[in-house]
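This chain uses plain numbering: 1 for the first residue, then up along the sequence.
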Amino acid sequence: MLFLTPISAIFLILFPVSSDALNLSCSIIHPLPIPAERYMWTPTHGAPGKQEEHEEVCIIASARLNGTTATKVRFPKQQTIELFYASIPSFGPELFVQLHNATLALELRKGTVTELRYGSSTLNHLKISDTGLDHFEVLPERGIPLQTLIIHERLITVLPVSVNVLAGLKLLDLSGCSLTTLDLSELFGLDALIALNVADNQLATVGASGPVNLPALAKFDVHQNELSQIDHFPDQFPALRYTRILQNRWDCEWVSAVREKIWHRNITVLGTDFRCGGRRINNGGLCCAYAHPSRARLAIAKAMLSVLEELRAAAPDAPAIGPLITFKVFENETLDGVVGVEMERVGIYLQDPIGAP
């Protein structure tokens with residue numbers, strides 16, 4: 001006889017009970033910490049602290065479903081279900097509708113789920129990771145209660161189709177995918193969205209082909225991408241409080257302009273760059289480079305002149321006489337970054353402007 005030692009999990013068996021329906025039972029039920037992304041916060045409150053709450057998770061291992069069995073499935077009556085190493089090539093609305101009304105959270109982890117079409121269900125939370133998913137679509141239905149959608153799939157290269165149908169969505173996490181561009185206007189209608197995470201992708205552009213309306217967005221994460229700038233940032237996010245933008249290819253002039261806006265709006269920037277390779281410099285905690293070397297040299301010249309001006313202003317008790325030498329940088333339609341000095345009526349200027357190759 002085989003004796004099992006007591007553990008904190010309950011092992012059940014996965015088997016069909018009749019020829020008409022396939023009853024999926026929990027392979028294991030285990031108390032696990034509630035994921036941090038479930039704890040959302042509003043722009044008027046701080047970020048959530050460490051959570052210690054647990055929930056019972058029903059883990060169903062190695063379920064295999066195809067087109068003929070998908071309509072004959074009965075899911076267990078559990079609040080949180082994880083399909084672990086499932087083989088479900090197409091997960092469609094016929095499966096979502098068979099989830100029990102008590103089920104509020106579903107996770108698909110590892111295995112094979114290449115296509116997912118999300119339809120009506122009682123789910124509040126949906127997470128998909130490492131399943132080989134390459135197509136995610138939201139069916140155009142109203143009243144979908146989903147609040148968090150998390151997709152970590154390297155084969156996902158575009159935003160989920162019709163994701164803006166999810167009017168109650170608070171968190172959209174597409175980190176760890178392969179997005180190359182993000183059109184913020186495709187999120188129009190997500191008025192409740194609090195957090196948008198597109199970190200660890202291949203984003204080269206973040207823009208908008210139409211109006212942007214994300215009035216509740218408090219956290220925006222684009223770190224570890226290929227971005228050089230984001231137009232109208234952070235102006236298009238009126239409620240933004242936290243942002244993570246390190247590990248990109250920022251343009252230094254963009255960084256300088258954005259830093260002032262972030263400072264005036266009291267937005268917290270999470271994380272900093274430490275090492276900047278090549279010609280990139282560390283500009284206030286972000287690695288960046290100037291689009292043209294001449295702009296870098298011009299910026300250095302302006303900084304030097306600014307320091308000299310500050311040193312002169314630091315002596316308020318000095319006699320009020322004109323400076324003996326004045327340093328100048330000229331920029332107009334014909335002169336780009338010409339540096340020179342003037343003394344009384346004599347001026348001496350560099351033969352070549354800073355912008356010369």
Side-chain angles (χ1 to χ4, degrees), residues 24 26-41 48 51 53-63 65 75-76 78-93 95-96 98-100 102-139 144-163 165-166 168-179 187 190 192-201 219 221:
L24 296 179
C26 306
S27 303
I28 182 174
I29 299 178
H30 194 71
L32 295 175
I34 298 177
E37 60 264 13
R38 302 269 192 87
Y39 295 94
M40 302 307 300
W41 73 99
Q51 304 293 336
E53 295 186 49
H54 289 65
E55 64 181 348
E56 283 192 347
V57 179
C58 166
I59 301 175
I60 302 174
S62 304
L65 301 174
F75 287 93
Q78 297 288 336
Q79 181 171 319
T80 302
I81 294 177
E82 177 186 320
L83 291 173
F84 181 64
Y85 267 108
S87 178
I88 310 174
S90 181
F91 200 115
L95 280 174
F96 283 107
Q98 294 180 76
L99 290 168
H100 197 277
T103 302
L104 301 179
L106 174 66
E107 179 174 356
L108 309 176
R109 185 163 65 95
K110 298 190 178 294
T112 302
V113 182
T114 56
E115 178 189 46
L116 192 148
R117 292 175 294 122
Y118 185 74
S120 295
S121 74
T122 57
L123 291 178
N124 289 335
H125 314 285
L126 177 61
K127 181 177 182 179
I128 310 102
S129 59
D130 302 319
T131 67
L133 185 73
D134 61 15
H135 179 77
F136 186 102
E137 178 180 353
V138 181
L139 299 182
I144 300 178
L146 199 66
Q147 296 181 18
T148 64
L149 174 59
I150 303 169
I151 303 175
H152 304 317
E153 297 284 356
R154 284 300 181 189
L155 296 181
I156 294 293
T157 59
V158 296
L159 282 176
V161 177
S162 301
V163 68
V165 172
L166 304 173
L169 200 65
K170 295 182 178 180
L171 165 67
L172 178 58
D173 185 344
L174 301 175
S175 59
C177 294
S178 296
L179 305 180
L187 304 178
L190 298 183
L193 191 67
I194 295 175
L196 175 59
N197 187 350
V198 286
D200 188 17
N201 276 269
K219 183 177 180 180
D221 192 336

Nearest atoms (heavy-atom pairs only) where [X] meets [Y]:
X: L104; Y: T122; answer: CD2-O, 3.6 Å
X: L139; Y: V165; answer: O-CG1, 3.9 Å
X: R154; Y: C177; answer: NH1-O, 2.7 Å
X: C26; Y: Q78; answer: SG-CG, 4.0 Å
X: L146; Y: L166; answer: CD2-CD1, 4.0 Å
X: N197; Y: A199; answer: OD1-N, 3.0 Å

Do [X] and [Y] come close enough that some side-chain heavy atom pair is under 4.5 Å?
X: E137; Y: S162; answer: no
X: P160; Y: I151; answer: yes
X: S175; Y: H152; answer: yes
X: F91; Y: L106; answer: yes

Roughly how far, to the nearest 0.5 Å, is the [atom2] atom of [Y] from the [atom1] atom of [X]?
X: I128; Y: R109; atom1: CD1; atom2: CZ; answer: 13.5 Å
X: H125; Y: K170; atom1: NE2; atom2: NZ; answer: 9.0 Å
X: I88; Y: T112; atom1: CD1; atom2: OG1; answer: 10.0 Å
X: L179; Y: I156; atom1: CG; atom2: CD1; answer: 8.5 Å
X: L108; Y: I81; atom1: CG; atom2: CD1; answer: 10.5 Å
X: L24; Y: L65; atom1: CG; atom2: CG; answer: 6.0 Å

Problem - N-O pairing of E55 and R38 below 4.0 Å - result: yes
Handout entry: Check: E153/T131 side-chain N/O donor and acceptor closer than 3.5 Å
Key = yes
Exercise for the section: Could you check whether the rings of F136 and Y118 sit parallel, tilted or perpendicular, using 30° and 60° as the cut-offs? Expected result: parallel
